[in-house]
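First up is the structure itself, then whatever we jot down about it.
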Amino acid sequence: MEIGIVGFGEVGKIFARALAKLDDAHNISVWDIRWKDSAADSEDIAAITQSNLHACASVAALCERSALIFSSVTASNAESVAAESAPQVSAGTYFIDLNSASPGTKQRSAALIAAAGGHYLDAGVMTSVPPYGIAAPILLGGACAAEIAPMLKSWGMNVTVVSAEIGVASAIKMSRSILIKGLEALVIESYTNARAYGVEDYVLPTFAETFPSIDWEKQGDYFFSRVVQHGKRRAEEMFEATNTVREIGLEPLMATATAQRQAWISAQRKAGVVTPGAKSWRTQADALLAARNKVTLD
């Protein structure tokens, strides 16, 4: 099968490499929005060469070559990629939207693909992809979800069909994100606050008393590292989570605060205050405190 992957970031590379290693290796085309303004960087070129992938010059070129397309971009670009792809997809093309977007965004994207004769699938990726690779748990929704699931499973994907309706998988994903990404934001704010007052060694043991199954020191390291590494993507996902809450008629107070804190960390990284390489949450918190109020959101 001719497979296309739109978005050649962390997830796109993982999927491309895994699919290229299958016994019945497929022809895999890739494209990334970053290539609109500049040529692929050395990391992208190395990944393309090592896995024998075909780098396309545009979304249109990728769609023309592909019978199945994975969309793996940032949440803010999910609908625009569907809109740009729709005029180029052939009838019968499968369009699997892996992006963390609201049910409303997924439904609008589905309408665009369906109008072109394509089959849109709402995919909710339920955990961080890197530890699991292509076997990361994914919830799948759409009229043809049950039809295509066996093929995806044969490729090593861990998909579970949850509904024939578009938006159910994303509603599950977004509801989870409100809590998980919210915990990340809370830990960053709580730990940094405790560090500023010099009371972290008193505070963390109280968490362990309440939730003894969690190693709160390691959890802090992990949450800080993931948000510093992927704060921009997480912030965009959480702004989609705010849309998810608004779509049911509630004011997304907590989701909005989480999105803002994630975006703030992204701004700190862009300014060089925090770096993905630091392993200790204490190191990252100290850097944030040293630069407090110097870097703000636009």
Fill in: side-chain contact (heavy atoms from CB on, under 4.5 Å) between F15 and I3, intermediate numbers included
CA-CA 11 Å; F15 270 67; I3 297 174; over 6 Å; no
Discussion item. Applying side-chain contact (heavy atoms from CB on, under 4.5 Å) to Y132 and T127, what does each step give before you reach the verdict?
Written reply: CA-CA 9 Å; Y132 300 90; T127 191; 3.4 Å; yes
Discussion item. D44 vs K13, test: side-chain contact (heavy atoms from CB on, under 4.5 Å). Steps then yes/no.
Written reply: CA-CA 9 Å; D44 288 346; K13 286 186 175 74; 2.7 Å; yes
Worksheet entry | Check against side-chain contact (heavy atoms from CB on, under 4.5 Å), S225 and K279 | CA-CA 7 Å; S225 68; K279 294 183 178 180; over 6 Å; no
Item to complete: Determine, step by step, whether D286 and R195 satisfy the salt bridge (charged side-chain N to carboxylate O under 4.0 Å, His left out) criterion, reporting the C-alpha distance in whole Å, the side-chain angles of both residues, the deciding distance to 0.1 Å, and the verdict.
Response: CA-CA 8 Å; D286 287 343; R195 184 73 168 166; 2.8 Å; yes
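In this structure, CD1 in I45 is found 12.5 Å from CG in L53, a value given to the nearest 0.5 Å. Separating the CZ atom in R233 from the CD atom in E10 is a distance of 5.0 Å, to the nearest 0.5 Å. Taking CG of D32 as the start and CG of L62 as the end, the distance is 11.0 Å to the nearest 0.5 Å. For the atom pair OG1 (T275) and CD (Q229), the distance works out to 10.0 Å, reported to the nearest 0.5 Å. Note: T258 OG1 to E237 CD = 11.0 Å, rounded to the nearest 0.5 Å. Rounding to the nearest 0.5 Å places CG of L140 at 6.5 Å from CD1 of I96.
Here the closest heavy-atom approach between residue I14 and residue P130 is recorded as CD1-CA, 3.8 Å. A pairwise comparison of heavy atoms in M126 and K173 identifies SD-CA, 4.0 Å as the closest pair. Residues L98 and S72 share a closest heavy-atom pair of CD1-CB, 4.2 Å. Residue A263 comes nearest to A235 through the heavy atom pair N-CB, 3.6 Å, listed as atom of the first residue, atom of the second, then distance. In this structure, A20 and S51 approach most closely via the heavy-atom pair CB-O, 3.6 Å. The nearest pair of heavy atoms linking V73 to V6 is CG1-O, 3.7 Å.
E217 and W281 share a donor-acceptor pair across their side chains, judged by distance under 3.5 Å alone. Checked by atom type, the side-chain pair Q219/Y191 shows no donor-acceptor distance below 3.5 Å. Counting only N and O atoms by type, the side chains of E147 and H119 include no donor and acceptor under 3.5 Å apart. A donor-acceptor pair shorter than 3.5 Å can be found between the side chains of S102 and T105.
Looking at Q262 and V227, their side chains come closer than 4.5 Å, going by heavy atoms from C-beta outward. Side-chain contact between T242 and R246 is present, with at least one heavy-atom pair separated by less than 4.5 Å. Between T210 and W216 there is no side-chain heavy-atom pair separated by less than 4.5 Å. For the pair V203/Y197, no side-chain contact is recorded, criterion being any heavy-atom separation below 4.5 Å from C-beta on. Contact annotation: the side chain of C63 approaches that of I69 to within less than 4.5 Å [non-hydrogen atoms, C-beta and beyond]. Inter-residue side-chain proximity for N99 and N77 is flagged as unmet; no heavy-atom pair is nearer than 4.5 Å. Side-chain contact check for Q260 versus W264: every heavy-atom pair is 4.5 Å or farther apart. The shortest side-chain heavy-atom distance between V11 and I5 does not fall under the 4.5 Å cut-off.
Checked by atom type and distance alone, the side chain of E247 pairs as donor or acceptor with a backbone atom of G104 at under 3.5 Å. At distances below 3.5 Å, at least one donor-acceptor pair connects side-chain atoms of S58 with backbone N or O atoms of A61. Here the side chain of R234 pairs no donor or acceptor atom with the backbone of G231 at under 3.5 angstrom. No donor-acceptor pair under 3.5 Å is formed between the side chain of D122 and the backbone N or O of I166. Without hydrogens or angle criteria, K106 side chain to A123 main chain gives a donor-acceptor distance under 3.5 Å.
Put simply, the residue from S266, S100, S76 that forms a side-chain hydrogen bond (donor to acceptor under 3.5 Å, both in side chains) with E236 is S76. When each of E240, E84, R108 is checked for a side-chain contact (heavy atoms from CB on, under 4.5 Å) with E79, only R108 meets the rule.
Residues M157 and Y94 share a single hydrophobic cluster, defined by chaining ILVMFWY side chains whose heavy atoms lie under 4.5 Å apart. Cluster membership for V129 and I138, using ILVMFWY side-chain heavy atoms within less than 4.5 angstrom, is shared. Residues I178 and L186 do not share a hydrophobic cluster, defined by chaining ILVMFWY side chains whose heavy atoms lie under 4.5 Å apart. Note: the hydrophobic cluster containing V125 also contains L19 (ILVMFWY, side chain heavy atoms under 4.5 Å, direct or indirect links). Residues L22 and V159 fall within the same hydrophobic cluster, defined by Ile, Leu, Val, Met, Phe, Trp and Tyr side chains chained together at heavy-atom separations under 4.5 Å.
Crowding of F207 atom CZ: a count of heavy atoms from other residues, nucleotides or ligands under 6.0 Å exceeding 12. When the shell of 6.0 Å around CD of E165 is examined, it contains 12 or fewer heavy atoms from other residues, nucleotides or ligands.
Electrostatic pairing of R282 and E200 counts as a salt bridge here, judged by a charged N lying under 4.0 Å from a carboxylate O.
Ring planes of F95 and Y120: parallel class, angle under 30° (limits at 30 and 60°).
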